[in-house]
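Notes follow once the structure below has been shown.
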Amino acid sequence: MIELNSKQRKILERAAHDLQPVVIVGGAGMTENVIQMADKTLADHELIKLKFNEYKEEKKELTATLCEKTSCALVRIIGNVAILYRPAEKPENRRFKI
């Protein structure tokens with residue numbers, strides 16, 4: 001799993017400000033489809049927002065599980081939205097230089 005320091009988190013939070021949530025946790029919870037969608041979206045965009053429409057009380061635990069399964073870092077949870085980051089595999093394809 002990726003470790004981010006506070007400066008890196010601030011940079012990523014700023015970059016995520018205008019992003020819309022692309023992965024939504026609904027009534028079915030953290031299903032395999034949600035995990036696969038998050039994994040693919042992270043591969044495409046590096047920085048995403050995950051919204052909890054349901055399971056709001058368990059969002060910290062579910063986000064930690066998702067981060068573990070997709071090898072990404074939790075930038076921050078704001079309300080019912082989690083910001084996740086995973087750098088591109090090739091350094092020349094990375095959008096964020098942190």
Side-chain angles (χ1 to χ4, degrees):
M1 215 154 68
I2 305 160
E3 293 294 325
L4 299 172
N5 62 37
S6 61
K7 185 177 178 182
Q8 292 170 323
R9 286 183 197 283
K10 284 221 184 279
I11 291 168
L12 293 170
E13 280 180 49
R14 217 172 295 130
H17 181 71
D18 292 327
L19 296 178
Q20 295 298 315
V22 291
V23 179
I24 297 174
V25 177
M30 188 66 68
T31 63
E32 191 61 36
N33 285 339
V34 171
I35 294 167
Q36 288 175 359
M37 183 178 210
D39 192 45
K40 181 179 178 351
T41 309
L42 282 163
D44 293 342
H45 300 285
E46 292 184 86
L47 185 68
I48 66 168
K49 284 185 177 177
L50 170 82
K51 183 171 180 155
F52 288 89
N53 284 345
E54 301 288 334
Y55 298 95
K56 295 174 183 176
E57 295 79 30
E58 297 94 16
K59 62 188 166 202
K60 289 181 183 176
E61 296 85 9
L62 293 174
T63 303
T65 301
L66 179 68
C67 288
E68 198 175 292
K69 290 185 178 187
T70 59
S71 301
C72 70
L74 173 64
V75 176
R76 187 168 179 199
I77 295 177
I78 303 170
N80 293 313
V81 177
I83 303 169
L84 306 175
Y85 172 73
R86 183 175 71 197
E89 290 184 23
K90 296 180 182 177
E92 62 271 10
N93 293 342
R94 293 187 181 155
R95 296 180 184 175
F96 305 99
K97 309 295 182 204
I98 59 169

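Throughout, residue positions are numbered sequentially from 1 according to the sequence presented.
- Rounded to the nearest 0.5 Å, atoms CD1 (I2) and SG (C67) are 9.0 Å apart.
- In this structure a side-chain-to-backbone donor-acceptor pair under 3.5 Å is missing from R76 to L12.
- The CD1 atom of I83 lies 5.5 Å from the CD atom of E13; values are rounded to the nearest 0.5 Å.
- L84 has its side chain within reach of L74: a pair of non-hydrogen atoms, C-beta onward, lies under 4.5 Å apart.
- Using a 4.5 Å cut-off on side-chain heavy atoms (C-beta onward), K51 and N53 make contact.
- The closest donor-acceptor contact from the side chain of Y85 to the backbone of I48 lies at 3.5 Å or more, if one exists at all.
- In this structure a side-chain-to-backbone donor-acceptor pair under 3.5 Å is present from K49 to A16.
- Between L62 and F52, the closest side-chain pair of non-hydrogen atoms falls below 4.5 Å.
- Residue L42 holds its CG atom at 7.5 Å from CG of L66, rounded to the nearest 0.5 Å.
- Between K59 and N80, the closest heavy-atom pair is NZ-OD1, 3.0 Å.
- The minimum heavy-atom distance between L19 and L47, with the atom names listed, is CD1-O, 3.6 Å.
- Side-chain contact between T65 and E68 is absent, with no heavy-atom pair separated by less than 4.5 Å.
- Rounding to the nearest 0.5 Å gives a distance of 6.0 Å between NZ of K69 and CD of E32.
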Output a table of donor-acceptor pairs, distance under 3.5 Å, between side-chain atoms of residues 91-98 and any protein atom two or more places apart or on a different chain; print 'none' if there are none.
residue	atom	partner	partner atom	Å
R94	NE	A88	O	2.8
R94	NH2	A88	O	3.2
R95	NH2	D44	O	3.2
K97	NZ	R94	O	3.0

